[in-house]
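Below you'll find the structure, written out as structure tokens, and then a few comments.
Every value quoted in this text rests on a predicted model; they were computed, and no experiment measured them. Residues: numbered from 1 along the sequence shown.
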Amino acid sequence: MAQPNALPTPDMMPAPNKTSSVSSAGRTAATNGHYVNGNASPSDASTERIQIIDDEKTFSPALTKQIGKWGLQNAGFDYNIVAVFGSQSTGKSTLLNRLFGTNFDVMDESRRQQTTKGIWMCKAKDANLLVMDVEGTDGRERGEDQDFERKSALFSLASSEVLIVNLWEHQVGLYQGANMGLLKTVFEVNLGLFGKKTPDGRNQRTLLLFVIRDHIGTTPLANLQATLAADMQKIWESLSKPPELKDKQLSDYFDMSFAALPHKILAADKFESEAKELSRRFYDKSRPDYVFSPQYHKRIPADGVAFYMEGIWEQVQNNKDLDLPTQQELLAQFRCDEISAAAIAEFNEQAKSQKRPIESGKVVEGLGKMMRAWRQGALDRYDRDASRYHQGVYKRKRADLVSVIDSTLSPLFLGQLKNLHKACLASYKQEMVEGMRSEGYNFADVVASARARLEKRFIEGAQEALVEGTDWSYEEELELLREEARSIADQCRKDETKKMVNVIERNFKKQISEPVELYLNKPSPDMWDKVLKVFRETLDKAETAYLSKAKSFDCTDEENATALATLRKRAWLALRAKIEEQTADAVFLGKLRAFFEERFRYDENGVPRVWRPDDDIDGAFRKAKEQTLELIPLYWRIKPMDPSLEFALPSETSDSLTNTEDFDFPSTLIVFTETKALDLENRFRRDADAFYVEAKRSTVSSVAQIPLWVYGLIGVLGWNEAMVILFNPIYFALLLLMLASVYIIIQLGMVGPVLQIVKTLGGEVHRQLDHRLREYVHQTQPQLAQPVRAASSSRSVKRSDSAEQDSRRIKAEPM
């Protein structure tokens with residue numbers, strides 16, 4: 001096949017407003033009365049067209065000469081043939097002109113009448129491509145004479161590599177409108193005449209390219225494609241095939257391709273662009289959807305095409321299978337169609353009532369009984385009225401009626417199965433939830449009973465919906481339901497296992513919390529032995545509790561092993577969290593302070609020490625501090641004295657329920673790092689120094705007591721004032737009142753509250769006086785504010801210097 005020099009463009013294509021082909025104004029007589037374009041000059045011979053078969057069913061002998069004019073005499077196999085097929089006045093000629101730059105006559109749109117008579121051929125522009133324009137089917141000019149329609153369709157199918165089936169979008173899904181009846185007849189005869197293998201052992205293949213016209217996009221092309229493919233497959237299955245070809249499939253002889261074009265007038269620009277894009281499929285060999293595959297070529301040299309087509313037409317003409325049916329068959333077809341249409345109309349009205357409930361997801365009770373009654377009623381009506389006519393037609397039309405009825409009922413049956421599936425699955429989930437809420441339930445029993453009820457409900461509902469005489473089955477839906485039920489049960493089991501592990505984990509935390517806290521608050525060399533011992537005992541109880549309950553879950557050994565590994569990891573992490581809580585910086589420093597204070601401020605009998613100047617404070621401080629610092633190495637790593645108590649957890653264990661990250665078990669044995677231990681030691685030393693300074697100051701305060709002679713001097717000097725108070729009635733009465741008040745306050749235990757009240761009142765009086773004084777100073781003498789602030793700053797500096805001197809003195813004192 002020749003590569004075209006250029007694709008046809010809109011300016012190359014002829015105008016579509018040419019006159020009817022029946023007019024002789026634009027033609028001249030050719031050999032033997034056949035016509036070619038009389039307006040063509042020698043320079044445009046490549047665009048001449050020829051009527052290869054006229055409306056009198058005569059084949060033109062001028063085709064050989066015309067092929068020479070087209071320059072294809074020496075082309076060999078380097079050419080292709082394409083034909084168009086479709087109803088009359090559907091724009092077939094217009095389509096060919098747009099696709100291939102031909103000049104076939106097109107219909108005058110002001111008059112709806114036949115344009116193309118017979119079969120015309122023209123060469124495409126800039127390509128070795130022969131294009132056949134076939135007379136349209138279902139035309140009023142021929143009326144009931146369908147002989148030429150059948151023969152021309154069979155001829156174009158047998159002689160072309162690609163057959164373009166041109167139809168409107170609204171014709172998709174129609175039987176007669178889409179020429180399905182004609183195609184069925186043509187397919188049957190084509191198998192008998194041309195279905196045998198070629199000399200090289202291959203089947204003669206043809207591409208059926210369905211071009212859907214006036215496609216507005218409401219129905220997607222994929223849906224239209226599926227409808228046409230299903231109709232073609234249905235036609236093929238209903239063919240009367242020769243015995244040697246009865247196992248052949250449609251795909252053995254035909255390939256199908258699809259394209260859609262918008263409205264030529266309402267969307268003219270889009271039509272032109274889409275037509276141009278479709279044209280490239282015939283020209284551009286590099287495209288994946290290039291239509292002319294080598295397997296479609298008839299392997300006839302170009303110089304023998306005319307003889308080859310003439311032979312095909314002779315076989316088509318002599319074939320008796322294309323003869324018209326008898327008048328009896330015609331009457332039977334007409335009456336059976338009428339009766340069938342009436343039965344289908346009544347049947348559709350009955351079935352319509354249950355379509356909406358099914359689509360809304362409702363399970364219709366007794367749907368199968370209703371469908372069986374509708375189906376049987378329609379068939380009984382057809383049998384009663386149509387059985388008197390031609391038996392062959394009656395049976396064939398009855399089979400078509402059964403097919404239509406079953407195709408209408410099938411969506412109802414499938415919808416009922418789907419709704420039943422959903423309803424049963426919802427009930428199954430509810431039963432599972434309710435069963436697992438009961439106390440002491442057995443998971444395996446709950447699942448088994450719920451699944452048995454699920455399958456029973458579904459099978460009963462599905463069997464009720466079956467209709468006798470159909471090939472419907474619910475096994476696939478039942479198996480899908482079983483798979484979903486297993487998935488739900490597995491998910492419930494995982495959830496319950498997870499919930500059970502969480503409950504065991506919470507109980508584990510409660511059980512180890514108090515013992516671990518107790519042992520960590522009383523540090524000793526065997527502290528970790530005690531902690532790990534209680535941990536192991538509690539963990540063994542938790543694992544036993546899990547295994548005892550996991551038996552009812554019907555878990556596998558692998559699942560149990562995974563769950564136990566998860567439980568051990570969680571238990572260890574819970575213990576580790578408790579240890580971290582008890583060894584947090586503030587808590588651990590508190591433990592160290594308490595331990596140090598117990599040994600420094602209390603003697604061996606637990607009695608608080610009152611330090612005296614002659615006591616060995618330095619020795620006691622040094623001893624208590626050394627004993628306390630020995631605790632830090634004891635806490636820094638979880639390491640028992642008894643090696644049998646060491647707990648091991650594989651580092652590759654993965655907790656799929658909580659964390660999928662890598663878990664490094666050895667790192668969890670470290671409580672304190674060296675850096676943190678050093679920091680805690682330094683912080684404790686500072687706290688211990690404060691205790692030491694406090695002890696030292698207590699000895700100083702005990703030394704700085706008032707001498708006894710001072711009390712004697714106070715008595716001598718205050719004798720006269722005392723006598724005045726004692727011998728003055730008013731002062732004496734006030735003194736007695738004050739003593740009585742003090743006595744009552746002491747007896748009632750109100751010394752603390754009274755002192756707090758006095759302190760609060762004193763503070764408030766002081767604050768008010770200070771506030772008033774500051775206001776007075778700012779209002780009357782603003783110039784005094786600076787000296788006052790300077791004095792305040794000086795006092796702050798002095799206090800800071802004093803505090804720094806005290807700190808240096810404390811550090812200089814011996815420990």
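- Applying the side-chain hydrogen bond (donor to acceptor under 3.5 Å, both in side chains) rule to Arg685 yields the partners Glu681; only residues at least two apart in sequence or on another chain are considered.
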Item to check | Glu580/Arg576 under side-chain contact (heavy atoms from CB on, under 4.5 Å): CA gap, chis, key distance, verdict | outcome: CA-CA 6 Å; Glu580 288 180 357; Arg576 192 65 180 82; 3.0 Å; yes
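- A salt bridge does not link Lys541 with Glu537: none of the charged nitrogens is closer than 4.0 Å to a carboxylate oxygen.
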Checklist entry - Hey, mind stepping through Arg772 and Tyr776 against side-chain contact (heavy atoms from CB on, under 4.5 Å) and telling me if it holds? => result CA-CA 6 Å; Arg772 297 295 182 183; Tyr776 175 77; over 6 Å; no
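- Within the 4.5 Å cutoff, the side chain of Leu480 has no heavy atoms near those of the Glu476 side chain.
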Checklist entry - Arg453 and Glu431: salt bridge (charged side-chain N to carboxylate O under 4.0 Å, His left out), yes or no, with the steps? => result CA-CA 10 Å; Arg453 290 191 293 271; Glu431 291 177 3; 3.0 Å; yes
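- Taken from CD in Gln511 to OG1 in Thr538, the straight-line distance is 5.5 Å, to the nearest 0.5 Å.
- When side chains are defined from C-beta on, Lys509 does not count as touching Lys578, because their heavy atoms never get closer than 4.5 Å.
- Asp679 and Arg683 are joined by a salt bridge, as a carboxylate oxygen and a charged side-chain nitrogen come within less than 4.0 angstrom of each other.
- Every residue meeting the side-chain contact (heavy atoms from CB on, under 4.5 Å) condition with Val724, not counting sequence neighbours, appears here in chain and number order: Tyr731.
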Checklist entry - Does the ring pair (Phe, Tyr, Trp, His ring centres under 6.0 Å) test come out yes or no for Phe684 and Phe596, once each step is laid out? => result CA-CA 10 Å; Phe684 166 71; Phe596 173 79; 5.6 Å; yes
Next on the checklist: Pair Leu575, Val531 - check side-chain contact (heavy atoms from CB on, under 4.5 Å), show working.
Outcome noted: CA-CA 9 Å; Leu575 173 65; Val531 171; 3.9 Å; yes
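- Between Arg451 and Glu455, none of the side-chain N atoms (NZ, or NE/NH1/NH2) sits under 4.0 Å from a carboxylate O, so this pair counts as no salt bridge.
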Next on the checklist: For Asp770 and Arg774: C-alpha separation, side-chain torsions, deciding distance, then whether salt bridge (charged side-chain N to carboxylate O under 4.0 Å, His left out) applies.
Outcome noted: CA-CA 6 Å; Asp770 183 70; Arg774 290 179 182 275; 3.0 Å; yes
Next on the checklist: Between Phe508 and Phe535, is the ring pair (Phe, Tyr, Trp, His ring centres under 6.0 Å) condition met? List the steps.
Outcome noted: CA-CA 9 Å; Phe508 177 85; Phe535 169 76; 5.6 Å; yes
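- The side-chain heavy atoms of Asn720 and Met723, taken from C-beta on, include no pair separated by under 4.5 Å.
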